[in-house]
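First up is the structure itself, then whatever we jot down about it.
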Amino acid sequence: LRFDITLGDALFVDRISYHFKRPEAGDPFVFRTREIPGIEGGPQDFVDKYYIKRIGGIGGETLRIDNGTLLVNEKPRDEVPAFERNAQLEGEYKGYVYPNSNARFPPKLLTDKDSSAKIPEGSFVALGDNSANSLDSRYWGFVPENSVVGKAIFIYYPFTKRWGLAE
């Protein structure tokens, strides 16, 4: 079972738990884009879109990328297997990379080996597991807590290798 969601996938989202328990680093989470400037579906588009990414960092933490490893407060992030697989460049995981400065969105966070991101309280950093091919917080900044919809729990369509629990 894998966390490998693409455009058009249908999934169940737990919209209740985060009312009682704070989101944690490593959770696959769904959020609305309307409050995030510079993202498709953000305030400039006057529409709400829903994105799914992994929580790479929470308010109060400082993140940095070093040789494919995501560091939190200068220690390797290891709460879920995806963080460890990226750090070890295992299989399909190619490590966390610095954002491409030639992308259609100019990079905002974790732009090079000397940059770090201090996450404001009430915010999250959203990262894709396939870092080299993911538009995420590195390009559009922090996700406000009030934009979080819930935790992704189960991909029910399509019936492919992605079907099953979101890890």
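Numbering of residues begins at 1 and proceeds along the displayed sequence.
- Side-chain contact between Tyr139 and Pro106: absent, with no pair of heavy atoms (C-beta onward) separated by less than 4.5 Å.
- When hydrophobic clusters are built by joining Ile, Leu, Val, Met, Phe, Trp and Tyr residues whose side-chain heavy atoms come closer than 4.5 Å, directly or via intermediates, Ile55 is grouped together with Leu135.
- When atom types are taken as modelled, the side chain of Thr111 and the backbone of Pro107 share no donor-acceptor pair closer than 3.5 angstrom.
- Judged purely by atom type and a 3.5 angstrom limit, Arg77 uses its side chain to pair as donor or acceptor with the backbone of Gly56.
- With a 4.5 Å cut-off on side-chain heavy atoms, Ile36 and Val143 count as touching.
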Full working for salt bridge (charged side-chain N to carboxylate O under 4.0 Å, His left out) between Asp129 and Arg54: CA-CA 7 Å; Asp129 287 346; Arg54 186 172 306 283; 2.8 Å; yes

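- Remark: the backbone N or O of Tyr93 is not paired with any side-chain donor or acceptor of Asn86 at under 3.5 angstrom.
- The aromatic ring centroids of Phe31 and Phe29 lie less than 6.0 Å from each other.
- Side-chain N/O atoms of Asp66 and Tyr96 include no donor and acceptor closer than 3.5 Å.
- Pairs of residues two or more places apart, or lying in two chains, that qualify as salt bridge (Lys or Arg N to Asp or Glu O under 4.0 Å) and include a residue from residues 135-147 are Arg22-Glu145, Asp136-Arg138.
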Does the side-chain contact (heavy atoms from CB on, under 4.5 Å) test come out yes or no for Tyr18 and Val149, once each step is laid out? CA-CA 8 Å; Tyr18 287 161; Val149 172; over 6 Å; no

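- Around the NZ atom of Lys21, the shell of radius 6.0 Å holds more than 12 heavy atoms that belong to other residues, nucleotides or ligands.
- Between Lys53 and Ser137, the side chains place no donor N or O within less than 3.5 Å of an acceptor N or O (distance only, hydrogens not considered).
- Counting heavy atoms from C-beta outward, Tyr51 and Val30 have side chains that stay 4.5 Å or more apart.
- Separating the CZ atom in Phe83 from the CG atom in Asp78 is a distance of 9.0 Å, to the nearest 0.5 Å.
- Of all heavy-atom pairs between Gly95 and Ser131, the closest is O-CB, 3.4 Å.
- The backbone N or O of Ile58 lies less than 3.5 Å from a partner atom in the side chain of Glu61, making a donor-acceptor pair.
- Put simply, OG1 on Thr69 and CD on Glu84 are 10.5 Å apart, with the number rounded to the nearest 0.5 Å.
- In this structure, Ala25 and Glu79 approach most closely via the heavy-atom pair O-CB, 3.8 Å.
- For the pair Thr33 and Tyr50, the minimum side-chain heavy-atom distance is 4.5 Å or more.
- For the atom pair CZ of Arg32 and OG of Ser147, the computed distance is 6.5 Å after rounding to the nearest 0.5 Å.
- Here the closest non-hydrogen pair linking Lys108 and Pro37 is NZ-O, 4.0 Å.
- Distance check, rounded to the nearest 0.5 Å: CG of Asp112 to CZ of Arg64 gives 10.5 Å.
- The two residues Gly128 and Ser134 come nearest to each other via the heavy atoms CA-OG, 3.3 Å.
- Placement of Val97 and Trp140 in two distinct hydrophobic clusters is found when ILVMFWY residues are connected by side-chain heavy-atom separations under 4.5 Å, directly or transitively.
- Cluster membership check: Leu110 does not share its hydrophobic cluster with Leu71, using side-chain heavy-atom separations under 4.5 Å among Ile, Leu, Val, Met, Phe, Trp and Tyr.
- For the pair Lys113/Ile65, no side-chain contact is recorded, criterion being any heavy-atom separation below 4.5 Å from C-beta on.
- Hydrophobic clustering of Ile, Leu, Val, Met, Phe, Trp and Tyr side chains at less than 4.5 Å, counting indirect connections, unites Tyr98 with Leu127.
- Asp27 places no side-chain N or O within donor-acceptor distance of the main-chain N or O of Pro23, the cut-off being under 3.5 Å.
- Annotation: side chain of Leu63 is in contact with side chain of Ile119 (closest heavy-atom distance under 4.5 Å).
- For Asn67, the CG atom is loosely surrounded, since the number of other residues' heavy atoms within 6.0 Å does not exceed 12.
- Between the Lys151 side chain and the Pro28 main chain, no donor and acceptor come within less than 3.5 Å of each other.
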